Amino acid sequence: MVTTPTRVFDFGYPPGTRSVGVHVKPWGLAPFLPVPAAELCDRPVTLEQVWGRPAIAELRDRLATAGGPREMLTLLEEELMRRLCETAGLGLVRHGSGVIAAAGGAVAIGDLGVAAGVSSTHLAQRFKELIGVRPKRLARTYRFAATVFAIDPAGPIDWGDLAGGAGYFDQAHFGHEFRAFTGLTPTRYVEVRRRFLREHPGHALDGWPLPAD
């Protein structure tokens with residue numbers, strides 16, 4: 001389980017790994033966590049650590065004997081539905097994060113609380129509890145994600161236009177954000193993406209914006 005991160009980290013799988021997972025909205029893990037999401041911020045944990053060894057051992061065995069991806073996803077969905085819990089403040093956070101996402105992070109954070117009829121402090125507390133980060137940090141993440149999705153590694157890139165169009169102060173600001181989120185400079189990032197495209201044509205990760213080796 002990984003809540004919304006504030007720094008870059010690497011992850012990988014041993015060769016031949018058979019895996020199944022779920023990609024959720026920023027608030028999506030909250031109904032399945034026994035602790036506030038902020039406690040897991042930048043601290044990826046295993047399902048075993050969250051739900052306990054006996055339950056995960058059983059689920060792992062069932063997934064290992066599943067007939068294929070569809071059956072594995074069905075088993076995981078059933079387990080998630082069984083563990084789904086009511087979560088206080090979820091509606092508020094879900095709406096606020098939806099506004100941020102729809103605007104690609106380009107929102108006035110102070111207006112979110114006003115529109116929802118709550119104080120900025122209350123909104124920030126709820127975001128921390130259910131997402132792991134405050135609204136301003138989530139907006140930064142969405143703005144950067146929108147920028148990265150706009151990059152076509154197969155074609156020429158005007159970094160100045162890209163940074164300006166995304167609302168960054170200048171290229172230095174853009175470069176700092178790029179390194180914070182990816183661990184790479186913009187040019188190095190594109191080099192990695194282009195190499196992957198050359199070495200793995202038609203791969204399922206072709207359209208994925210993160211570097212892959």
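Here the structure is a predicted model, which means the values were calculated and not measured. When a residue number appears, it is its place in the shown sequence, counting from 1.
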J.: Looking at residues at least two apart in the chain, or sitting in another chain, which of them share a side chain to side chain donor-acceptor pair (under 3.5 Å) with S19?
T.: none
J.: Taking only distance into account, with no hydrogens and no angle test, what donor-acceptor pairs under 3.5 Å do side-chain atoms of residues 59-71 form with protein atoms, sequence neighbours excluded?
T.:
residue	atom	partner	partner atom	Å
T65	OG1	D61	O	3.2
T65	OG1	R62	O	3.2
E71	OE1	G67	N	2.8

J.: Can you tell me which residue pairs pass the salt bridge (charged side-chain N to carboxylate O under 4.0 Å, His left out) test with a partner in residues 41-51, sequence neighbours excluded?
T.: E48-R53
J.: In residues 165-172, what donor-acceptor pairs under 3.5 Å come from side-chain atoms, sequence neighbours left out?
T.:
residue	atom	partner	partner atom	Å
D170	OD1	A172	N	3.1
D170	OD1	H173	N	2.7

J.: Using side chain to side chain contact (heavy atoms under 4.5 Å, CB included) as the criterion, list what pairs up with P36, not counting sequence neighbours.
T.: E39
J.: Taking only residues two or more places apart in sequence or in another chain, which ones pass ring-ring contact (aromatic ring centres under 6.0 Å, His included) with F32?
T.: none
J.: Please tabulate, for the side chains in residues 145-164, all donor-acceptor contacts under 3.5 angstrom to protein atoms that are two or more places apart in sequence or on a different chain.
T.:
residue	atom	partner	partner atom	Å
T147	OG1	R143	O	2.8
D152	OD1	A154	N	3.1
D158	OD1	G160	N	3.1
D158	OD1	D161	N	3.0

J.: Does anything in residues 81-108 form a salt bridge (charged side-chain N to carboxylate O under 4.0 Å, His left out)? List the pairs, not counting sequence neighbours.
T.: E79-R82, E79-R83
J.: If the condition is salt bridge (Lys or Arg N to Asp or Glu O under 4.0 Å), which residues does R194 pass it with, not counting sequence neighbours?
T.: none
J.: Return yes if some donor-acceptor pair links the side-chain N/O of Q49 with the main-chain N/O of T46 below 3.5 Å, else return no.
T.: yes
J.: Could you list the donor-acceptor pairs under 3.5 angstrom formed by side chains in residues 121-134, with sequence neighbours left out?
T.:
residue	atom	partner	partner atom	Å
R126	NH1	E129	OE1	3.0

J.: Quick check: does any side chain N or O of T185 sit under 3.5 Å from a backbone N or O of R188, one acting as donor and the other as acceptor?
T.: yes
J.: Name all residues meeting the side chain to side chain contact (heavy atoms under 4.5 Å, CB included) criterion together with V99; count only those two or more places apart in sequence or in a different chain, and write none if there are none.
T.: H95, V107, L112
J.: Can you list every side chain to side chain donor-acceptor pair (under 3.5 Å) pair that touches residues 110-120, not counting sequence neighbours?
T.: none
